[in-house]
Amino acid sequence: MKFTKPIVIGNWKMHPESLKKAEKLFGDVMRRVARLRTPCTVGVAAPSVYLETLTKRARGKRIMVGAQNVHASPWGAFTGEVSMPMLKDIGAAFVIVGHSERRAMGETSEHVGQKLAAVLKSGAYAVLCVGEQARDEEGVFLEFVGEQIASALEAIPERHISRLIIAYEPVWAIGTGENATPQDAREMRLFIQKLLSHMMGEKRAMRVPVLYGGSVNEDNITAFAEEADVDGYLVGGASLDAEQFTSVIKGAL
Ligand code: PGA
């Protein structure tokens with residue numbers, strides 16, 4: 001894995017409401033990131049209509065631009081969809097796959113697996129999102145996350161694993177202001193890496209970055225950075241403000 005850790009990715013979701021605002025936010029983030037002294041990897045997952053403009057601005061800069069979703073087929077009669085060749089053509093470096101908000105819109109594990117395969121095959125990086133709806137005492141949530149990962153990776157050739165990033169995002173912590181504790185994130189990271197070790201051997205598994213996502217902000221980032229032992233963060237709400245997003249990045253260093 002060539003990424004310099006920590007990896008901090010902003011997920012803009014369906015924001016902001018104009019290209020002008022997207023360019024302004026991106027420019028503000030880019031300028032702040034350029035001033036960082038400590039190496040790290042920063043990415044922004046923007047709405048697809050803004051990607052071409054933003055990837056051009058990001059060329060040669062310390063920031064990656066990616067998409068929030070993709071269709072698994074390279075082309076076809078899929079009204080409203082965007083394919084991996086299209087995203088690659090406009091310079092998208094990575095794609096978020098299986099975000100819980102997309103799963104809630106009907107995306108099945110099968111779709112997630114197919115999309116993940118399409119992204120990795122194209123040579124782009126994939127941020128595979130996994131996470132339970134709720135926690136329980138018996139540890140059923142671990143099984144649930146384990147199955148999400150196993151089914152997503154089922155058809156992925158081992159040689160493509162080097163472009164995989166996993167984001168653990170407990171659904172109950174997304175956009176709610178509630179977050180998992182750093183210990184929860186740490187425990188899940190260990191669980192994920194153990195699972196991956198069984199699937200692909202420890203050496204490969206240890207190279208897959210595991211991020212935490214779910215209401216990460218400038219107030220809780222320090223606790224995560226100190227105790228969670230994750231490789232980075234997927235940041236929603238707090239990535240829509242350049243100042244706040246930069247504080248999260250700095251806190252993660
Ligand atoms: P949040 O979103 O930081 O607003 O909770 C995280 C995500 O959905 O990736």
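Note that the structure is a prediction, hence the values are computed from the model and not measured.
- Looking at Lys250 and Glu218, no side-chain N of the basic residue comes within less than 4.0 Å of a carboxylate O on the acidic one, giving no salt bridge.
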Test log, rule side chain to side chain contact (heavy atoms under 4.5 Å, CB included), inputs Leu195 and Val145 = CA-CA 10 Å; Leu195 178 84; Val145 170; over 6 Å; no
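- A donor-acceptor pair shorter than 3.5 Å cannot be found between the side chains of Gln68 and Trp12.
- Here Thr246 contributes atom OG1 and Met30 contributes atom CE; the two are 12.5 Å apart, rounded to the nearest 0.5 Å.
- Among all heavy-atom pairs drawn from Gly214 and Asn179, the shortest one is O-CB, 3.4 Å.
- When the side chains of ILVMFWY residues are joined at heavy-atom separations under 4.5 Å, either directly or via intervening members, Phe141 and Trp172 end up in two distinct hydrophobic clusters.
- Thr181 contributes atom OG1, which lies 8.0 Å from atom CD of Glu187 (distance to the nearest 0.5 angstrom).
- Inter-residue side-chain proximity for Tyr168 and Arg189 is flagged as unmet; no heavy-atom pair is nearer than 4.5 Å.
- Using a 4.5 Å cut-off on side-chain heavy atoms (C-beta onward), Gln148 and Arg103 make contact.
- Residues His15 and Lys21 fail the side-chain proximity criterion, which asks for heavy atoms closer than 4.5 Å.
- Shown here for Tyr212 and Ala185, the closest heavy-atom pair between the two residues is CD1-CB, 4.0 Å.
- Side-chain atoms of Gln133 do not come within 3.5 Å of backbone N or O of Val171 as any donor-acceptor pair.
- Environment of CE in Met105: crowded, with over 12 heavy atoms of neighbouring residues, nucleotides or ligands closer than 6.0 Å.
- One N or O on the side chain of Ser215 and one on the backbone of Ala173 form a donor-acceptor pair closer than 3.5 Å.
- In summary, of the residues considered (Met84, Glu81, Met86), a side-chain contact (heavy atoms from CB on, under 4.5 Å) with Val70 occurs for Met84 alone.
- Transitive grouping of hydrophobic side chains (ILVMFWY, heavy atoms separated by less than 4.5 Å) brings Leu19 and Val29 into a common cluster.
- Closest of all the heavy-atom pairs between Glu158 and Met199 is OE2-O, 3.9 Å.
- Salt bridge absent: Glu227 and Arg186 never bring a charged side-chain N and a carboxylate O closer than 4.0 Å.
- Taking hydrophobic clusters as Ile, Leu, Val, Met, Phe, Trp and Tyr residues chained together by side-chain heavy-atom distances below 4.5 Å, Val140 does not share a cluster with Met188.
- At least one donor-acceptor pair closer than 3.5 Å links the side chain of Arg62 to the backbone N or O of Leu36.
- Contact annotation: the side chain of Ile96 approaches that of Leu234 to within less than 4.5 Å [non-hydrogen atoms, C-beta and beyond].
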Evaluate side chain to side chain contact (heavy atoms under 4.5 Å, CB included) for Asp231 paired with Ile165, printing each intermediate quantity in order.
-> CA-CA 10 Å; Asp231 301 305; Ile165 297 168; over 6 Å; no
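- Side chain of Tyr50 to main chain of Ser18: a donor-acceptor pair is present (N/O by atom type, distance under 3.5 Å, no hydrogens or angles).
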Could you go step by step and tell me if Ile174 and Glu101 meet the side chain to side chain contact (heavy atoms under 4.5 Å, CB included) rule?
-> CA-CA 9 Å; Ile174 297 178; Glu101 286 154 12; 3.6 Å; yes
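- Here the straight-line distance linking atom CD of Glu107 with atom NZ of Lys115 works out to 3.5 Å at 0.5 Å rounding.
- Within a 6.0 Å sphere centred on CD of Glu202, other residues, nucleotides and ligands contribute 12 heavy atoms or fewer.
- Checked against side chain to side chain contact (heavy atoms under 4.5 Å, CB included), Lys194 has no partners two or more places apart in sequence or in another chain.
- By the 4.5 Å heavy-atom criterion applied to side chains, Thr53 and Phe26 are not counted as neighbours.
- Val49 and Leu87 end up in the same hydrophobic cluster when Ile, Leu, Val, Met, Phe, Trp and Tyr side chains are linked at under 4.5 Å.
- Across every non-hydrogen atom of Val208 and Leu164, the tightest pair is CG1-O, 3.6 Å.
- Put simply, the side chain of Arg163 never gets that close to the backbone of Ser122: no donor and acceptor are under 3.5 Å apart.
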Pair Phe224-Val230, side chain to side chain contact (heavy atoms under 4.5 Å, CB included): steps then yes or no | CA-CA 8 Å; Phe224 275 100; Val230 289; 5.6 Å; no
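- Inter-residue side-chain proximity for Asp184 and Arg135 is flagged as met; some heavy-atom pair is nearer than 4.5 Å.
- Residue Gly213 comes nearest to Pro170 through the heavy atom pair O-CD, 3.4 Å, listed as atom of the first residue, atom of the second, then distance.
- To the nearest 0.5 Å, atoms OG1 (Thr41) and NZ (Lys5) are separated by 10.0 Å.
- Interatomic distance, Ser151 OG to Glu110 CD, rounded to the nearest 0.5 Å: 9.5 Å.
- Here the shortest heavy-atom pairing between Leu116 and Ala126 reads CD1-CB, 3.5 Å.
- Taken to the nearest 0.5 Å, the CG atom of Leu142 stands 11.5 Å off from the CD atom of Glu147.
- Proximity of a side-chain donor or acceptor of Asp28 to a complementary backbone N or O of Arg31 within less than 3.5 Å is not detected.
- With a 4.5 Å cut-off on side-chain heavy atoms, Leu196 and Arg204 do not count as touching.
- Formation of a donor-acceptor pair under 3.5 Å by the Ser83 side chain with backbone atoms of Ser73 is not found in this model.
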